Novice: 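Here you go, one structure.
Quick note: residue numbers are just sequence positions, from 1. All values below come from the heavy atoms of this structure, side chains included, with hydrogens, waters and symmetry mates left out. Everything quoted here is computed from the prediction, not taken from an experiment.
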Amino acid sequence: QILGDPTVYWKEPFLFCRHTDDRITGQMTPYPLNVTDIASTPKLPISRLIPSHQSLAATNAIENAAWAYKFLNVTAFDTHTSPNDSHAYANGTCANIQWMYMASGFQIHFIQQFVKREGYVRVGEHEGFVNTLHQKLRRKDAYMNYRVGLAVENLAPYVENLKFHNEAYLLEAHDSRLRIAAPNGYIFEIFEDSATAAKSSMQLGTSRQW
């Protein structure tokens, strides 16, 4: 998803309470995706595309959200989980979604499913694998390429906050990129870029500060 000003769009609710499983849903034939060769499209001006959000599967959405509030300087967002909302019953009934945003408008969703098919690699298995691979962030590993990069004006407050809470982080010598891992093993990379950070913060004002 991207942020922008759409002229045509549709909306449908997420069916968090619809059960899916390996026995039935897992045997269904995948439907073909609409993949278009970009070279075949009309040569029209393309507006700037801005990333909207990152959705992350988790075995414990609340735990991951608590971590994000502590280390990423984010603000809680209305998750729209009432019966008539877009994310109905994702309030701990059929799923749990923890939704937060940054000053730029970029959002993070930690999603814990209760009745959905997980496939051959369960979410918990994947979390255990990547957390073991990261070795408490003692060194870089190949899986750290799967990450979200966040630009900030000053890295120092983030490092100080991590040290204060005795939280593991990776910041190698002569490197201005800080890597931290959420409880589900997903990597967030925070780096200094004053121009980008200042431009982003002007879009939606200032988010919560520590």
Novice: For the residue pair R179 and L171, establish whether any side-chain heavy-atom pair is separated by less than 4.5 Å.
Specialist: no

Novice: Under a 4.5 Å side-chain heavy-atom rule over Ile, Leu, Val, Met, Phe, Trp and Tyr, are L178 and F188 clustered together?
Specialist: yes

Novice: Applying side-chain contact (heavy atoms from CB on, under 4.5 Å), can you list everything that pairs with S82, at least two apart in sequence or on another chain?
Specialist: D85

Novice: List the residues meeting side-chain contact (heavy atoms from CB on, under 4.5 Å) with R138, not counting sequence neighbours, and say none if there are none.
Specialist: Q135, K136

Novice: What pair of heavy atoms forms the shortest contact from Y169 to L137, and how long is it?
Specialist: CA-CD1, 3.6 Å

Novice: Check whether the ring centres of H53 and Y101 lie less than 6.0 Å apart, and answer yes or no.
Specialist: no

Novice: For residues Y69 and V152: do they belong to one hydrophobic cluster (side chain heavy atoms under 4.5 Å, members Ile, Leu, Val, Met, Phe, Trp, Tyr)?
Specialist: yes

Novice: Measuring from atom CG of L72 to atom OH of Y158, what distance do you get when rounded to the nearest 0.5 angstrom?
Specialist: 7.5 Å

Novice: Restricting to non-hydrogen atoms, name the atom on T20 and the atom on K116 that form the minimum distance, rounded to 0.1 Å.
Specialist: OG1-CA, 3.3 Å

Novice: Salt bridge between D21 and R117, side-chain N to carboxylate O under 4.0 Å?
Specialist: no

Novice: Is it the case that the side chain of N64 and the backbone of N184 share a donor-acceptor pair, with hydrogens and angles ignored and the cut-off at 3.5 Å?
Specialist: yes

Novice: Find out if a path of hydrophobic residues (ILVMFWY) with successive side-chain heavy-atom gaps under 4.5 Å connects I62 to I97.
Specialist: no

Novice: Checking E127 now: which residues fulfil side-chain hydrogen bond (donor to acceptor under 3.5 Å, both in side chains) with it, not counting sequence neighbours?
Specialist: T59

Novice: Output all residues satisfying ring-ring contact (aromatic ring centres under 6.0 Å, His included) with H19, sequence neighbours left out; order by chain, then residue number.
Specialist: none

Novice: Heavy-atom distance under 4.5 Å between the side chains of V130 and I187, does that happen here?
Specialist: no

Novice: Does R18 reach the side chain of V115, with side-chain heavy atoms less than 4.5 Å apart?
Specialist: no

Novice: For a 4.5 angstrom cut-off between non-hydrogen side-chain atoms, does D141 reach H134?
Specialist: yes

Novice: Taking the side chain as every heavy atom from C-beta outward, state whether L56 and I111 have any pair of such atoms under 4.5 Å apart.
Specialist: no

Novice: Please list, chain by chain and in numerical order, all residues satisfying side-chain hydrogen bond (donor to acceptor under 3.5 Å, both in side chains) with N96, sequence neighbours excluded.
Specialist: Q98

Novice: Checking H87 now: which residues fulfil side-chain hydrogen bond (donor to acceptor under 3.5 Å, both in side chains) with it, not counting sequence neighbours?
Specialist: none

Novice: Please report the interatomic distance NZ(K163) to NE2(H165), rounded to the nearest 0.5 Å.
Specialist: 14.5 Å

Novice: Relative to the ring of H126, is the ring of F129 parallel (under 30°), tilted (30 to 60°) or perpendicular (over 60°)?
Specialist: tilted

Novice: Please enumerate all residues that pass side-chain hydrogen bond (donor to acceptor under 3.5 Å, both in side chains) together with E167, with sequence neighbours excluded.
Specialist: W67

Novice: Keeping to residues at least two apart or across chains, list the disulfide (SG to SG under 2.5 Å) pairs with something in residues 62-176.
Specialist: C17-C94

Novice: For Y146, give me all partners under ring-ring contact (aromatic ring centres under 6.0 Å, His included), at least two apart in sequence or on another chain.
Specialist: Y143

Novice: Side chains of E160 and L162: does their closest heavy-atom pair fall under 4.5 Å?
Specialist: no

Novice: If the condition is side-chain contact (heavy atoms from CB on, under 4.5 Å), which residues does T93 pass it with, not counting sequence neighbours?
Specialist: Y89, N91

Novice: Look up atom CG in D193 and atom OG in S176, then write down how far apart they are to the nearest 0.5 Å.
Specialist: 9.5 Å

Novice: Under a 4.5 Å side-chain heavy-atom rule over Ile, Leu, Val, Met, Phe, Trp and Tyr, are M144 and I108 clustered together?
Specialist: no

Novice: Heavy-atom distance under 4.5 Å between the side chains of V159 and N161, does that happen here?
Specialist: no

Novice: Has Q112 got a side-chain atom pairing as donor or acceptor with A61's backbone, closer than 3.5 angstrom?
Specialist: yes

Novice: Does the salt bridge (charged side-chain N to carboxylate O under 4.0 Å, His left out) test come out yes or no for E192 and R177, once each step is laid out?
Specialist: CA-CA 7 Å; E192 286 190 358; R177 294 179 178 269; over 6 Å; no

Novice: Among residues two or more places apart or on two chains, list those pairs meeting disulfide (SG to SG under 2.5 Å) that have a residue in residues 151-185.
Specialist: none

Novice: Between L150 and F191, is any pair of side-chain heavy atoms under 4.5 Å apart?
Specialist: no

Novice: Under the ring-ring contact (aromatic ring centres under 6.0 Å, His included) rule, collect the residues that match up with F110, sequence neighbours excluded.
Specialist: none

